[in-house]
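One structure below.
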Amino acid sequence: MGADPQRFGERLGHPSHNGQVSVIWFHAASLGEVAQIRPLTHHFAQRGQTVLVTTTTQAGADWVAKNLPAVIHQFVPMDTAHAVDRFLSAWSVDAAIFVEGDFSPRLTLAVQERGIPLALLNARHSRTRERLPAVFAALLTGFDLITCRSETVASSIRALGVPEGLLRVLPDLRIAAQKLSYPEDALTALRTQIGSRPVWLAASTHQSDESIVLDAHQAVTGANPNALLIVAPRHPMRGAPLESGARARGFNVARRAENGSLLHDTQVYIADTLGELGVFFSLAPVTFLGGSFGDEGGHNPYEPASFGTALLTGPRVKNFADAFDALCHAGAVEIVQTPGELGPQVMSLLQTGKAQSMGAAGQRFMNASETGLTDTIDLLTETLGI
């Protein structure tokens with residue numbers, strides 16, 4: 001959603017902070033982009049530099065308020081001449097750093113015209129860039145540094161005529177995001193309750209995934225009646241419909257939000273709570289990531305990969321295509337092409353021990369990619385002079 005109406009003045013370019021102050025400015029449109037810059041903002045803040053973070057959405061603003069207390073937040077100005085000029089005149093910007101792309105043309109040009117050092121970090125595939133190649137060629141040529149999350153992205157930008165010297169291919173910044181935290185006591189209690197039972201997780205599921213996941217678990221329990229499915233819906237409100245669907249299939253069900261106990265005969269455990277996903281990634285040797293059979297475009301596979309769980313996904317993952325490609329190449333992910341294949345693939349991973357090797361491959365990939373953050377900081381410091 002958009003900016004808080006009470007802060008609409010910021011959208012007109014009025015500053016959220018009194019007084020002229022020199023800043024390193026990060027623009028990250030919403031939650032998915034802003035979460036990537038936490039270690040970067042922490043680095044510059046620790047060096048005593050003032051960091052300004054702008055977002056477009058309220059979700060992004062709320063995340064900054066909760067997770068980046070050392071920075072100044074402001075909603076990005078609307079892309080009008082007066083709002084942009086008012087915003088840039090209010091701040092003394094030492095460097096501007098945009099995250100991922102699809103940025104405002106007028107704002108970008110105004111930054112370039114003022115001679116402010118400018119970087120684009122973690123550039124991704126962009127349908128807007130594909131539709132308007134001449135516009136983006138002109139905009140991107142004015143950047144001082146563009147880091148790309150894959151060679152495929154770099155090639156698409158290079159094809160616009162952007163000079164090779166501006167481009168660097170670095171590991172996806174999302175890899176450097178802090179590992180999910182979780183309550184240790186919850187993990188200990190659930191691990192005891194599950195014991196040695198075979199268990200798999202369906203994480204960040206949507207309505208489009210629910211029947212597929214429950215049908216798959218019928219196939220799994222047909223082969224191993226002792227198997228347990230944990231379902232962590234993307235939106236906790238899906239807990240009740242999930243429970244109805246599971247009971248309609250004859251499963252014994254417990255819902256975490258309703259304080260349901262995970263008993264020895266529980267077949268489906270619905271984890272419809274917030275802030276505990278790390279617990280369930282830790283418990284399950286196999287994880288199916290939702291949002292990948294419907295129109296949602298998939299979810300971030302780096303989070304579960306860091307926990308060493310083998311990953312399964314449907315084929316529709318356009319939002320994280322580069323991430324899945326990289327993890328597939330590393331041997332950490334398998335693509336489930338059709339809904340009917342999910343159950344057999346879960347059974348195969350649980351029965352053969354392949355889950356352990358895939359999970360280990362994911363952890364190796366994550367560990368090897370952590371240098372990307374250091375490389376990014378070094379490039380920003382050298383290229384932008386900050």
Side-chain angles (χ1 to χ4, degrees), residues 190 193-234 238-256 260 262-272 277 280-296 298-299 301 304 307-317 324 327-328 331-359 362:
L190 287 169
Q193 292 163 18
I194 293 171
S196 61
R197 296 178 62 186
V199 55
W200 67 290
L201 168 67
S204 296
T205 58
H206 295 258
Q207 185 174 359
S208 57
D209 304 303
E210 291 169 6
S211 293
I212 296 169
V213 166
L214 293 173
D215 288 347
H217 195 53
Q218 285 188 307
V220 173
T221 53
N224 190 333
N226 197 36
L228 170 68
L229 165 65
I230 301 173
V231 187
R234 184 70 171 182
R238 296 302 305 169
L242 270 166
E243 180 177 12
S244 297
R247 291 195 186 281
R249 288 168 171 77
F251 288 126
N252 294 325
V253 185
R255 273 179 65 195
R256 189 163 180 79
L262 203 172
L263 306 175
H264 72 280
D265 62 347
T266 301
Q267 296 168 298
V268 176
Y269 187 65
I270 300 171
D272 50 346
L277 197 52
F280 305 111
F281 287 146
S282 300
L283 288 169
V286 177
T287 294
F288 166 74
L289 271 181
S292 54
F293 279 115
D295 296 327
E296 296 81 15
H299 291 296
F307 285 87
T309 179
L311 296 178
L312 297 174
T313 179
R316 304 181 71 177
V317 291
F324 280 105
L327 285 166
C328 281
V333 173
E334 287 186 355
I335 307 297
V336 183
Q337 296 295 341
T338 65
E341 295 175 20
L342 179 58
Q345 284 190 247
V346 170
M347 285 188 290
S348 174
L349 293 182
L350 290 175
Q351 292 171 351
T352 64
K354 187 178 180 181
Q356 285 72 26
S357 62
M358 287 177 62

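Residues Glu210 and Val213 are not in side-chain contact: their nearest non-hydrogen atoms beyond the backbone lie 4.5 Å or more apart. Under the 4.5 Å side-chain criterion, counting only non-hydrogen atoms from C-beta, Glu334 is in contact with Leu349. The shortest side-chain heavy-atom distance between Phe280 and Arg256 falls under the 4.5 Å cut-off.
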Return all side-chain donor-acceptor pairs below 3.5 angstrom for residues 281-292, not counting sequence neighbours, or 'none' if the list is empty.
from: Ser282; atom 1: OG; to: Gly278; atom 2: O; distance (Å): 2.8
from: Thr287; atom 1: OG1; to: Thr309; atom 2: OG1; distance (Å): 2.9
from: Ser292; atom 1: OG; to: Leu289; atom 2: O; distance (Å): 2.9
from: Ser292; atom 1: OG; to: Thr313; atom 2: OG1; distance (Å): 3.4
from: Ser292; atom 1: OG; to: Gly314; atom 2: N; distance (Å): 2.8

Which pairs would a plain distance check flag for residues 240-251, meaning a side-chain donor or acceptor within less than 3.5 Å of a matching protein atom at least two apart in sequence or in another chain?
from: Glu243; atom 1: OE1; to: Arg255; atom 2: NH1; distance (Å): 3.4
from: Glu243; atom 1: OE2; to: Arg247; atom 2: NE; distance (Å): 3.1
from: Glu243; atom 1: OE2; to: Arg247; atom 2: NH2; distance (Å): 3.1
from: Ser244; atom 1: OG; to: Ala240; atom 2: O; distance (Å): 3.3
from: Arg247; atom 1: NH2; to: Val253; atom 2: O; distance (Å): 3.1
from: Arg249; atom 1: NE; to: Asp215; atom 2: OD1; distance (Å): 2.9
from: Arg249; atom 1: NH1; to: Gly245; atom 2: O; distance (Å): 3.1
from: Arg249; atom 1: NH2; to: Asp215; atom 2: OD1; distance (Å): 3.1

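Of the N and O atoms on the side chains of Ser208 and Glu296, at least one donor lies less than 3.5 Å from an acceptor on the other residue.
Atom CG in Leu262 sits 11.5 Å away from atom CD1 in Ile270 (nearest 0.5 Å). Taking CG of Leu228 as the reference point, atom CG of Asn252 lies at 11.0 Å (rounded to 0.5 Å).
For residues 193-206, no residue pair satisfies the salt bridge (Lys or Arg N to Asp or Glu O under 4.0 Å) rule, not counting sequence neighbours. Here salt bridge (Lys or Arg N to Asp or Glu O under 4.0 Å) pairs that include residues 336-353, with residues two or more places apart or in two chains, number zero.
With sequence neighbours excluded, the residues forming a side-chain contact (heavy atoms from CB on, under 4.5 Å) with Ala232 are Leu201, Ala271, Leu277, listed by chain and number. Among residues two or more places apart in sequence or in another chain, the ring-ring contact (aromatic ring centres under 6.0 Å, His included) test is passed with His299 by His206.
The pair Arg316-Asp295 meets the salt-bridge criterion, with a side-chain N (NZ, NE, NH1 or NH2) lying under 4.0 Å from an Asp/Glu carboxylate O.
Looking at every heavy atom in both residues, Ser204 comes nearest to Arg234 through OG-NH1, 3.4 Å.
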